[in-house]
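Below: one structure, written as structure tokens.
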Amino acid sequence: MLVTAAIAVPQGFVPSQAVTRALAIISADSLRGNLSFIASDLLEGRDTPSRGLDIAALYIAAQFRRAGLQPAGDDGYFQTAKMLRVSPAGEAFDLRLTNGSRTLTISRDQSAVVSQKSLDLSSVPVYKIANPAGLRASAIRGAVVIVDAPPERFRLLAQAAAALQPAAFLETAVDDKGLELPRLIDAAEEHARFGDAPRLIVRDAAAVKILKEAQAGETGITVSIKLPAPTAVPVTVRNVAALLPGSDPALRDRYVLLTAHYDHTGRDSSGVVYAGANDDGSGTVSVIEIARALAGARVHPRRSIVFLTFFGEEEGGLGSRYYTGHPLFALAKTVADLNLEQVGRTDSTAGPQTSNATVTGFQYSNIPHTLQRAGELTGVKVYETPNADEFFDRSDNQTFAEHGIPAHTIVVAFQFPGYHETSDVWPKIDFTNMARVDRMIALATVMLADSPDPPRWNAANPKGTRYRKARTVR
Ligand SMILES: [Zn+2]
């Protein structure tokens, strides 16, 4: 198939005077100043959740406020996420499964519990539901319930079962790679699915076998559990969001996102700080700086621009997933996401990267062409990295791509010395280069927001097919 719409931007595009002036505002000193705070030891590595993370969020909001951008969250610039922090069960934990004459004791490392209260269940029958016919109130009330259904039917079935007040839900781990229980769970989603019932997850191979082989309905299996203290504790974390309203009445309810994650991995057990200056303090301060520059322009781009920084990327895209689960602007009207990662260090393990930038999923959509054109106008070479597709699903852009929104991560260096180590500190950043790269990104953001046609997935590239199919009509 011939892709005639490969270039979303008219040939010969020349930025207006207003845009050129806005780009000139982006400065190395401003980036350095902001990053020296965001990546300071006093923010303790911005773990999710932590006081350092909260202070970083407050600082980002203050910078958006200073720039005169509109608050776009549910609480000013904050999108407040009520989460459950899940910690491992303590020493006194005891979980047993009895099937006929056989009793299995399941160890702490072979199980996980999501519970907001202590538990003491003794020989409670396990009841398995495979379809709505199994929703018998008398069997479910006070029982331990297994919902045996594919993902598309699981939620409704679990909700219906939760309404009948089981003692707990019981699940088997999906694979043997380990218990992939996240440290943080969306509290509203957990409550919507399981009500107030606790959730037991086991991966012990013998237990998994018994539970999988058990017939639907009364299984004849019983569960006993002692859990002295809650394992799930409510915490609040925040995405930070600001809006630059579009200037075209016909397009201002369409949105281009500029995103980065502001969290990092915190401290180790001896208190040593992982400052995360390049990952992803650099993306965070770039979002702040580009927001500041574009907010000052006399003429706004036609579509609206949303500046977003996320918590919990290091925990697996938690902040961006929270956003798409509770979107501040309709996802069907969101035309693109430019996500920034590691845009500060030029000492890539692949060699020096001055005046260079690259992008994940280069052939997945026509956005990289816009970045290239913006790079030609700002002195940055935007190039295709052969193995960059491997990185496509390793940052928050993936969350938006799964919703069909053309979304890429822009980086200067995929790999650099000290990645996820204590040596990722702000004095190692090349701020002059970062300012140049940020001008390219700012211009590309404007070009995407101004373009007559929204960006498109590349229909000729099979790797982008699943994302293209996820696109809802807008
Ligand atoms: Zn990162």
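Basis for what follows: all heavy atoms, side chains included, without hydrogens, waters or symmetry-related copies. In listed order, ligands and their atoms are each counted from 1.
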Residue [X] excluded, over 12 heavy atoms near [atom1] under 6.0 Å:
| X | atom1 | value |
| --- | --- | --- |
| R155 | CZ | yes |
| D196 | CG | no |
| Q159 | CD | yes |

**Report entry** Note: E314-R183 ion pair, threshold 4.0 Å (strictly below)
**Finding:** no
Of all the atoms in [X], is at least one N, O or S atom closer to the Zn ion (ligand 1) than 2.8 Å?
| X | answer |
| --- | --- |
| D279 | yes |
| H261 | yes |
| E314 | no |

Query raised in the report: For the Zn ion (ligand 1), what is the closest N, O or S atom on E341?
Result: OE1
